[in-house]
Amino acid sequence: MQELESKYIAKNIEKKWYDRWLSKNVFHSLPDERTPYTIVIPPPNVTGVLHMGHMLNETIQDVLCRKERMNGKNVCWVPGTDHASIATEAKVVNLLKEKGINKADLSREEFLKYAWQWKEEKGGIILQQLKELGCSCDWDRTKFTMDEDMSQAVIKVFCDLYDKGLIYRGVRMVNWDPKAQTAVSDEEVIYKDQHSKLYYLRYRFADEKDGYVVVATTRPETIMGDTAVCVNPKDERFASLKGKKLIVPIVNREVPVIFDEYVDMTFGTGALKITPAHDINDYNIGIKHKLNSINIFNDNGTLNDNGLAYKGMDRFDCRKKIVEDLQSADLIEKIEDYDNKIGLSERTSVPIEPKLSMQWFCKMKQMAEPALKAVESGQIKFHPEKFINTYRHWMEDTKDWCISRQLWWGHRIPAYYLPNNEYVVALSLEQAFEKAKQIMPDIKIEDLRQDEDVLDTWFSSWLWPMSCFNGINEPENEEIKYYYPTSDLITGPDIIFFWVARMIMAGLEFRKEIPFKNVYFTGIVRDKLGRKMSKTLGNSPDPLLLIDKYGADGVRMGMLMCSPAGNDLPFDEAYPEQGRNFSNKIWNALRLISGWTEEETEQPESSKLAVEWFKERMNVMLEQIEDDFSKYRLSECLKNIYSFIWDDFCSWFLEIIKPEYQKPIDKKTYRETISVFEDLMKILQPFMPFVTEEIYHKLRERPEDEFLMNACYPKSSKKENPMDGEFVFIKEIITSIRGLRNSKGLSPKQVLQCYIKESGSKDLILKYESIITKLANIDRINFVSDKQEGTLSLMVRTTEIFIPVSQNINKEEEIKKINEQIKYYEGFIVSINKKLSNEKFVNNAPEKVVALERKKLADCETKLNALKQELASLQN
RNA sequence: GGGAGUAUAGCUCAGUUGGUUUAGAGCAUCUGCCUUACAAGCAGAGGGUCAUAGGUUCGACUCCUAUUACUCCCACCA
C-alpha cells in the first residue's frame, strides 16, 4: 500500500469525492420499483447565505438520506430556494439605492427585471454551499418558488380557494410594516419586551374652565387620531362624566366620553383614549360606538395631513416633540417608567403599526380541523412529541390569514378589476376577460386591471412538497404519485405555524393526503453563552471557514454530537474539532493496517478470539444503531458509533491483533480486519461521507465509481452474542492491571507476573488468557489457591489477582486503602441486609430482584473476606 | 394572564415500563507516557445528597403534589 500522510487533511479529498459523486449523478432519483424515501428541503431564502442553523438542519437531512440510500430505498432529496418576497425585495431595493436608483422611480416591470437579474446572478449561493457540506441532494431537481410551474400552482390554488369561498377581500385592521410598507400576517409579528414610558395626559372639559380628566397612554403621538375617551360604566369615579365632552390636548378637538366594560378600571387612571385608526382594540370599540376613525400616518410611518404641525415627521420623532409641547403647555400630569410588549416586524424589526386597509384573507378554520386530526391521530408524527401541544393550541384557534403583500417581488394576485371596481378572479387575463364579460358585456380586455399586490411568501411555501413534483398542476403525474407523501420533514420549531401547519392543511386540502409522515424539529443553534447566533452580535462562526478548518465531516459530526431533537445546541468550536480528531483517528487506523504485510501463518489465538468478539460486538451495535435511527436519536447514534470505532475497534480490537513490530500478520486476521473496517465505514458513512469514502477506497482496490453510499448498510445477524458480555469482564481485568502499573510507576514495557486465585471465573479467564497476557503485558496467568508473598492484590468483581512487585510495598498505604474498601463494603452489606431482612421486600419484590440482592450480598461477603485476609497478611 | 418544557459531574447530555452491586458517556481537569497508526495521541485517575420539600411504595434519578430557577409558545390591557 501507498505511503499515507500522518495527518488526515480533509481539504485534499472532500472536493475530489464530491465531484466524482456528481459526475456519476449518484444523487439523482427517478421513480422505479423500489420504495421511495423523499425529503424536500426547507427552501432557504434565495438571497441567503449558509448559517449554523442551516448546517445543523441540512446535516440531519443528509444523514437520513444517506442512511436510507444504503437501506436500499430510492432516495430523493429535492433542493431549492424560496423567493422570500419581503427579504428579497428589501435587498434589491437596497442594491438599487447603492446604484443611485430609487424604487419609486421604477415601473413594476423595470423593478422586476432588476430583481430577476440579481436573482440569476447572485441567488442560490447557499445551494453551492450545501455541496461543501456534502449534501446528497438531487441537484437536477433544484426548484425555486417562482419557477414557472411553481407559480402556476400558486395561482391555481388561489383561484381554487377563492371559488370555494375560502379567500376573501376586505378592509381590516392589519399589521403594517412601515419600513417594508406592506401588510404582514399575525405570525410575522414578534412581540418583544421594551422599557417605555406611560404618559398621563390632561383632557380638559369642553364646557368647564378648570376640570380635566387624566388619561394614560404609551403613545402620546396618536392623540391626533383620538375620537373619544372611554371609561368603565361601573367606575364610580367617572359616573359624572355621562354626556360630557373633552378637549384633546394640542389638537383641541372635542371628543365624547363613552362607556364600555372593556376598560380596565385598575389600569392607569381608568380612562382610556380611543384612537380607532391605530389600535385594534380602539378600532373595535370605535365600531361598537360608531366613532370616527382618523388616520394620522402615511404608509412609511410619518405623520400625514391629520398630523397638523407634526406633518411629515417620523412617528417616533413626533412622540418626542409632542411630549415636549405637551409639557410646555402643562398638559402632562406625570410620566412613569413602564415595561410593555411591542410588536416588531419579523423581517425588518421595525415596530408594527396597526393599520386599517384593504387586504386579501384566507379562512383557516375549515382547513385546520383535518390538519389537527392528522397530527393528533399519529398519522403525522412529531419528534419530539411535545410540539404537538404547541401545534394543537394554534390549530384550535386559527385566525384568518392575511395573504396580500404590498410588494412587487412575488406571485401577483390573480384578481382583475373592472372599471366599476368589481373584480373577477381567474387563472389568466384571458380567463378573467371571459368572466368579466358576463358582468360587463361590452368590456375590453385592456380595461381589466390586475391587483397590484403579491401573495405572502408562505402562500407558495405551503405547497412545496406537492409543487416540487408538479402535483398541483398535474395531480396524476407519475412523480407526485411515487414521491408523495414525502417521508420526513426536518425543520425548526420556529416555523411550525408559518410553514409546517400550513403544509399539512394544503396537503389535505389539495391532495387529500398528508405531506409528510414525520416531522423532526431541530433545536436552535446558540453560542457558548446560550445566545442565539446573530449577525448583529457577530457570534456566529462562518460555516465555510469551519469546514475549511475541520473538514465537512468534522463539522457535520460537531453539529450532531450534541443536538438531540428539539434541544438547543450550544455551539462551541470544540465540537467540530472533536469531529476532525475523529477523522484523524480513523485515518490513522488505516495507516496502521496499511503498514501490515500478510503472510500464510497460523492465526494466533488472541486474534481469533478478537475477531469473534468483534463480530458479536458489531451485531449488538447494529441493533443499537437501528433502534437509534428508528427513534431519530441521531446524536446518540453517532456517539455510539464514535466510541464503537475509537474504543472497541482502535483501542481494543486493533491492539489485540496488532502484530509485533515489523512482523507480518496472518492472512485470516488481516482479511477479517479489512472486512470489519469496511463495515465500520458503511456504518459511519451517513454521518461522515468523505473520510469514509476515502478509506473505503484505500482498504481495497476498487473502481473509482464503486461508491460507499451505494453499498448495503450492514445488518445484525441477530444471534446470541455471549462474548460481548464476557469481554467486558476481561477488559476490567486488563484495565485494573494497567491501573496498578500506573499507580506503582511501573513501565508498560515491563513484563509482569500474574497470579489469580482459583474461582468460578477460571474458565472464562483461561479462555481469554492470550488476550489478557498481551494487553496487560504479563508473562502468563498462574492460578493459585492463596495470596502470594510480595504481591499486591487486585479485586475484579469477585476475582482476586496478585501481582508481584519488586519494589518494597508501602504497607501503611496499602492498609489504609484496604480499610477504606472494607468500610465501603461493610456499609453496603448493611444496606443489603436491611432489604433482605425486610419481610415486605422479600415477599413483594419479584424473585429475580431478591435473588439479585442475595447475589450482591454473597459477592460482597466474598470481597470482604478477601480484603480482611489481605489486611491480616499485611499486618503480620 | 394562560400553556408547555427543562433541572443529573466544571460544560453538554444519556439514564428505556420504578429493582443488574449506593448513577453513565463525551468534552474539560489532574497524573504518567513523544510505547515503532495516531500528542488531532496512549495508559490511568479524580469529580455527582440526581434543583428543594413532602408523598406513594418493600424499594424512587425514575411515579404524584407543592416550591424555586431557567427556556419556549400563546394572549388586544392602554
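Just so you know, these numbers come straight off a predicted model, no measurement behind them. Here is how names work: the chains are called A, B, and so on, in the same order as the sequence lines, proteins then strands, and each is numbered from 1.
- Comparing B:U62 with B:A53, their P atoms sit 13 Å apart, to the nearest whole Å.
- Nucleotides B:C64 and B:G48 are separated by 29 Å at their P atoms, to the nearest Å.
- Atoms CD1 (A:Ile335) and C1' (B:A78) sit 16 Å apart, rounded to a whole Å.
- Within 4.0 Å of A:Lys273, counting heavy atoms only, lies no atom of the nucleic acid at all.
- B:U12 and B:U20: their C1' atoms are spaced 27 Å apart (whole Å).
- Spacing between B:G54 and B:C70 at atom C1', rounded to whole Å, works out to 23 Å.
- Residue-level contact check: A:Phe582 touches neither bases nor backbone, having no heavy atom under 4.0 Å from any strand.
- The residue A:Lys639 sits close only to the backbone: its heavy atoms come under 4.0 Å of sugar-phosphate atoms, none of a base.
- For A:Phe387 and A:Phe382, the gap between ring centers reaches or exceeds 6.0 Å.
- Interface remark: the A:Glu655 side chain does form a donor-acceptor pair with the B:A37 base, using a distance-only criterion of under 3.5 Å.
- Taking atom CE on A:Met561 and atom P on B:C13, their separation rounds to 13 Å, with Å as the unit.
- The side chain of A:Asp264 approaches B:C77 more closely than any other nucleotide in the set B:G26, B:C73, B:C77.
- We find that OH of A:Tyr575 is positioned 14 Å from P of B:G26, with the value rounded to whole Å.
- Between A:Asn581 and the phosphate of B:G41, there is a side-chain N or O to OP1/OP2 separation shorter than 4.0 Å.
- Taking a pair to require two hydrogen-bonding distances under 3.5 Å in either a Watson-Crick or a G-U wobble arrangement, B:G19 pairs with B:C58.
- Using a 4.0 Å cut-off, no side-chain N or O of A:Ser743 falls inside it from OP1 or OP2 of B:A45.
- When the P atom of B:G46 is taken as reference, atom CG of A:Asn742 falls 12 Å away, rounded to whole Å.
- Not one N or O on the side chain of A:Arg172 forms a donor-acceptor pair closer than 3.5 Å with the backbone of A:Cys402.
- In this structure B:G47 sits in no base pair that meets the Watson-Crick or G-U test at under 3.5 Å.
- Of the listed nucleotides (B:A40, B:U71, B:U12), B:A40 has the atom at the smallest distance from the side chain of A:Lys7.
- Put simply, CG on A:Asn389 is 10 Å from C1' on B:C73, counting in whole angstrom units.
- Here A:Val263 lies in heavy-atom contact (under 4.0 Å) with a base.
- The residue A:Asn584 sits close to a base: some heavy atom pair falls under 4.0 Å.
- For A:Asn281, whose side chain is taken as the heavy atoms from C-beta onward, the closest listed nucleotide among B:U20, B:U35, B:C76 is B:C76.
- Listed nucleotides B:A37, B:A78, B:C58 differ in distance to A:Cys650; the shortest reach to its side chain belongs to B:A37.
- Contact of A:Arg738 with B:A43 (side chain to base): no donor-acceptor pair of N or O atoms is detected under 3.5 Å.
- In this structure, B:G41 forms a base pair with B:C33, meeting either the Watson-Crick or the G-U wobble geometry with both donor-acceptor distances under 3.5 Å.
- Picking from B:C27, B:U21, B:C73 the nucleotide with the shortest atom distance to the side chain of A:Cys860 gives B:U21.
- Taking atom P in both B:G41 and B:U36, one finds a spacing of 16 Å when rounded to whole Å.
- Between A:Asp553 and A:Tyr8 the shortest heavy-atom distance is OD2-OH, 4.0 Å.
- Taking for each of A:Ser651 and A:Lys840 the nucleotide of RNA chain B with the nearest heavy atom, the 5'-most of the two is the partner of A:Ser651.
- Side-chain nitrogen and oxygen atoms of A:Trp646 include at least one within less than 4.0 Å of the OP1 or OP2 phosphate oxygen of B:C42.
- When heavy atoms are screened at a 4.0 angstrom cut-off, A:Leu272 is found touching base atoms of the nucleic acid.
- In this model, a side-chain donor or acceptor of A:Lys585 finds a partner on the base of B:C38 within 3.5 Å.
- Distance alone, capped at 3.5 Å, places no donor-acceptor pair between the A:Lys698 side chain and the A:Leu4 backbone.
- Checked against the 6.0 Å centroid criterion, the rings of A:Phe497 and A:Tyr391 do not qualify as a close aromatic pair.
- Residue contacts shown for A:Asp568 are limited to sugar-phosphate atoms, with no base heavy atom under 4.0 Å away.
- The residue A:Ala574 sits apart from the nucleic acid: no heavy atom pair falls under 4.0 Å.
- Between B:A14 and B:C63, the two P atoms lie 14 Å apart (nearest whole Å).
- Going from atom CD of A:Glu396 over to atom P of B:G3 covers 14 Å, rounded to whole Å.
- Between A:Arg741 and B:A45, a side-chain N or O to OP1/OP2 separation shorter than 4.0 Å is absent.
- As judged by a 4.0 angstrom heavy-atom cut-off over every strand, A:Pro384 is placed among residues making no nucleic acid contact.
- A side-chain donor-acceptor contact under 3.5 Å links A:Thr275 and A:Lys273.
- Following rounding to the nearest Å, A:Phe498 (CZ) and B:C74 (C1') show an atom-to-atom distance of 14 Å.
- Taking the P atoms as reference points, B:A28 lies 15 Å from B:A43, given to the whole Å.
- In the set B:A37, B:U35, B:G26, the nucleotide with an atom closest to the side chain of A:Gln578 is B:G26.
- Within the 4.5 Å cutoff, side-chain heavy atoms of A:Leu291 are placed close to those of A:Ile258.
- Nucleotide B:U71 is matched to B:A4 when pairs are restricted to Watson-Crick or G-U wobble geometry with both distances under 3.5 angstrom.
- Within the 4.0 Å cut-off from OP1 or OP2 of B:C58, at least one side-chain nitrogen or oxygen of A:Asn844 is found.
- As rounded to the nearest Å, B:G5 and B:C77 have C1' atoms that lie 27 Å from one another.
- A:Lys631 comes within 4.0 angstrom of no nucleic acid atom, judged by non-hydrogen atoms across all strands.
- Looking at heavy-atom distances under 4.0 Å, A:Ser831 makes no contact with the nucleic acid at all.
- Of the candidates B:A40, B:C58, B:A14, B:A14 carries the atom nearest the A:Glu636 side chain, counting heavy atoms from C-beta on.
- Partner A:Phe238 forms a side chain to side chain contact (heavy atoms under 4.5 Å, CB included) with one of A:Asn232, A:Val257, A:Val231 and no other, that one being A:Val231.
- Residue A:Tyr338 is classed as a sugar-phosphate contact, given heavy-atom separations below 4.0 Å to backbone atoms only.
- Note on A:Asp186 versus A:Lys399: no salt bridge recorded, every NZ/NE/NH1/NH2 to OD/OE distance being 4.0 Å or above.
- Within the structure, a side-chain polar atom (N or O) of A:Lys658 is placed less than 4.0 Å from OP1 or OP2 of B:A37.
- When heavy atoms are screened at a 4.0 angstrom cut-off, A:Tyr642 is found touching the sugar-phosphate backbone but no base atom.
- Note on A:Arg854: nothing from the nucleic acid sits closer than 4.0 angstrom, heavy atoms only.
- The main-chain N or O of A:Val213 is never found under 3.5 Å from a side-chain atom of A:Arg202 such that the two would form a donor-acceptor pair.
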